[in-house]
Amino acid sequence: MKIKVGVFFGGASVEHEISVITMNQAISSLDPEKYEIVPIYIAKNGVMYTGDDLLDLYSFRDMDVLLKRCYKVAVINDGKGVKVVRTPAPLIGKRVLNTIDVAFPIVHGTNCEDGTIAGFVTLLGIPFVGPDIMASSIGMDKILQKKVLRESGISVVDFVSFYSVEYIKDEEKILKEIEEKLDYPLIVKPGNLGSSVGIKKAKNKTELEEAIEFAMEFTDRIIVEKAVENLKEINCSVIGNLTESEASVCEEPFFSDEILSYADKYIGDEKSKGGTIAGKGASIKYGSSKTSGAKVQGNEFGNKKIPADISKEKTEEIQNLAKEVFKVLGCSGVARIDFLIDTKTDKVYVNEINTIPGALSFYLWEATGKPFEKELDEIIDIAIKRHRDKEKLTFSYDQNILAMQGGSKGSKGTKGAKR
Ligand SMILES: Nc1ncnc2c1ncn2[C@@H]1O[C@H](COP(=O)(O)OP(=O)(O)O)[C@@H](O)[C@H]1O
Ligand SMILES: [Mg+2]
């Protein structure tokens with residue numbers, strides 16, 4: 001019997017399209033002998049769809065045609081399992097279109113990766129791949145995440161955080177606090193977004209004010225960080241759970257501006273790549289294995305060097321730190337941890353975790369010697385094992401408190417109601 005894997009993707013996030021690409025990459029590497037893929041596409045307005053056309057990346061070029069060829073569905077637990085049912089129920093034909101054994105959220109960004117989808121799949125009560133609600137939400141929150149890491153003795157840059165409402169109320173007080181605690185240059189970021197949206201560098205007070213106002217357009221919580229100078233960025237992926245984990249080779253992403261931008265991450269060098277995101281996603285799907293050995297490669301997520309040009313010792317330091325971050329934040333499945341290195345002092349800072357990384361970091365694992373198919377097998381196994389372990393825990397007592405109350409005081413109430 002094949003395992004029915006419900007792949008949830010899309011979602012109301014700025015990284016909607018990236019999720020569609022990551023999902024497409026993953027399904028093309030899921031072992032067809034072991035798994036049956038049940039695609040659940042979450043449109044930007046939150047409506048869920050299923051249908052075979054969702055398995056073909058090219059069908060996303062014309063959304064209107066695609067969605068007409070799919071079914072609008074709800075994913076529900078009816079007490080006997082998780083079902084994909086048509087909504088509204090059809091007058092003729094099947095209502096239940098499919099069942100799901102394991103949920104596999106492949107979503108990125110706010111409203112999805114931040115615990116929203118983790119909560120939804122937790123409620124379904126079946127095994128699900130990836131981080132739980134807590135790891136997802138802390139993983140998406142730049143402020144809470146840095147506080148948790150700092151508390152665990154993991155080195156992060158110095159920072160000041162505040163709510164927009166506080167800034168609007170007393171701008172001078174907050175600016176004073178920032179200038180007292182941190183030296184320029186600074187980096188101002190929205191507290192809970194991804195993809196470099198709303199991020200600016202500030203070299204003086206005027207630029208700081210501008211950057212804060214810019215970040216406030218995107219969110220209600222702001223983080224101002226000390227900018228790491230002589231910057232080298234290094235990323236490392238981890239696969240595992242709380243007790244066991246493995247780190248991949250490191251990568252060095254390159255950036256064309258001071259801050260690695262959305263364009264650097266997803267669009268890269270236009271001369272060497274296709275124009276549309278969908279086009280690139282498809283080409284990387286086939287090109288990945290062949291190019292993963294190359295030293296410097298341009299691919300769908302910008303330009304990067306794999307393995308990164310750092311010493312063996314630095315690599316080990318980063319790999320160990322990556323595993324520590326994964327554990328401290330309570331992650332599961334596959335994550336990517338991003339680091340900032342000051343090349344003058346050689347100091348390593350943890351920048352952030354991506355709890356559902358772009359392309360599920362398959363290119364890092366392929367370069368480590370683990371084919372994508374094996375990576376997917378492993379993270380699905382981790383999900384099934386976690387679910388089994390969770391089932392052993394006590395989440396409710398058998399006594400029904402409401403029934404017990406009904407026997408004493410409650411029975412009076414019932415009688416009363418009858419009268
Ligand atoms: N403290 C910092 N010092 C120097 N550069 C930074 C710092 N924080 C972020 N950056 C730059 O900005 C980019 C985006 O910031 P990041 O925190 O990773 O946000 P996102 O979640 O949008 O990826 C980083 O990849 C890096 O290039
Ligand atoms: Mg980042």
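Note that the structure is predicted; figures quoted are calculated from it, not measured.
With a 6.0 Å radius and a threshold of 12 heavy atoms from other residues, nucleotides or ligands, Asp52 has its CG atom at or below the threshold. By the 6.0 Å contact criterion, CD on Glu217 is enclosed, its count of non-hydrogen atoms from other residues, nucleotides or ligands being greater than 12. Under a cut-off of 6.0 angstrom, the local environment of OH in Tyr71 is sparse, with at most 12 non-hydrogen atoms contributed by other residues, nucleotides or ligands. Within a 6.0 Å radius of OH in Tyr163, no more than 12 heavy atoms belonging to other residues, nucleotides or ligands are found.
Checking each of Phe128, Phe104, Phe120 against Phe8 for a side-chain contact (heavy atoms from CB on, under 4.5 Å) leaves exactly one that passes, namely Phe120. Of the candidates Ile3, Val38, Ile380, Ile3 is the only one forming a side-chain contact (heavy atoms from CB on, under 4.5 Å) with Asp101. Just one of Val348, Asn351, Val228 meets the side-chain contact (heavy atoms from CB on, under 4.5 Å) condition when paired with Ile341; it is Val348.
Between the side chain of Ser13 and the main chain of Glu15, a donor-acceptor pair closer than 3.5 Å is present. Using modelled atom types, one side-chain atom of Thr368 and one backbone atom of Val249 make a donor-acceptor pair closer than 3.5 Å.
Between Asp309 atom CG and Thr315 atom OG1 the span is 9.5 Å, to the nearest 0.5 Å. The line from CD of Glu316 to CD1 of Ile310 is 10.5 Å long, rounded to the nearest 0.5 Å.
For an aromatic pair to be called close, the ring centres must be under 6.0 Å apart, and His108 with Phe9 fails this. Between Tyr41 and Phe60, the distance separating the two ring centers is shorter than 6.0 angstrom.
Ionic pairing of Lys347 and Asp342 is not present here: no N-O contact between side-chain nitrogen and carboxylate oxygen is shorter than 4.0 angstrom. Salt bridge annotation for Lys189-Glu225: present, with a cationic side-chain nitrogen under 4.0 angstrom from a carboxylate oxygen. A salt bridge does not link Lys146 to Glu352: none of the charged nitrogens lies less than 4.0 Å from a carboxylate oxygen. Ionic pairing of Glu317 and Lys314 is present here: one or more N-O contacts between side-chain nitrogen and carboxylate oxygen are shorter than 4.0 angstrom. A salt bridge links Lys44 with Glu17: the distance from a Lys NZ or Arg NE/NH1/NH2 to an Asp or Glu carboxylate oxygen falls below 4.0 Å. In summary, Glu252 and Lys232 engage in a salt bridge, as defined by a charged side-chain N under 4.0 Å from a carboxylate O. Ionic pairing of Glu177 and Lys181 is present here: one or more N-O contacts between side-chain nitrogen and carboxylate oxygen are shorter than 4.0 angstrom. A salt bridge is absent between Asp64 and Lys68: the closest approach of a Lys/Arg side-chain nitrogen to an acidic carboxylate oxygen does not fall below 4.0 angstrom.
Annotation: cation-pi pair Lys2/Tyr35 absent, no NZ/CZ under 6.0 Å from the ring centroid and within 45° of its normal. Seen from the ring of Phe326, Arg336 does not count as a face-on cation partner, given the 6.0 Å and 45° thresholds. Geometrically, Lys304 engages Tyr363 in a cation-pi contact defined by less than 6.0 Å to the ring centre and at most 45° from the axis.
The two atoms that bring Ile318 and Phe339 nearest to each other are CG2-CE1, 3.5 Å, heavy atoms only.
No side-chain N or O of Asp114 forms a donor-acceptor pair with one of Ser137 less than 3.5 Å apart. Between the side chains of Lys4 and Asn98, at least one donor-acceptor pair of N or O atoms lies under 3.5 Å.
A search for side chain to side chain contact (heavy atoms under 4.5 Å, CB included) contacts involving Lys374 returns Lys370, Pro371, Glu378, not counting sequence neighbours.
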Assess the residue pair Leu97 and Val73 against the criterion (side-chain contact (heavy atoms from CB on, under 4.5 Å)); give the C-alpha distance rounded to whole Å, side-chain angles, the decisive distance to 0.1 Å, and a yes or no. CA-CA 9 Å; Leu97 296 178; Val73 291; 3.8 Å; yes
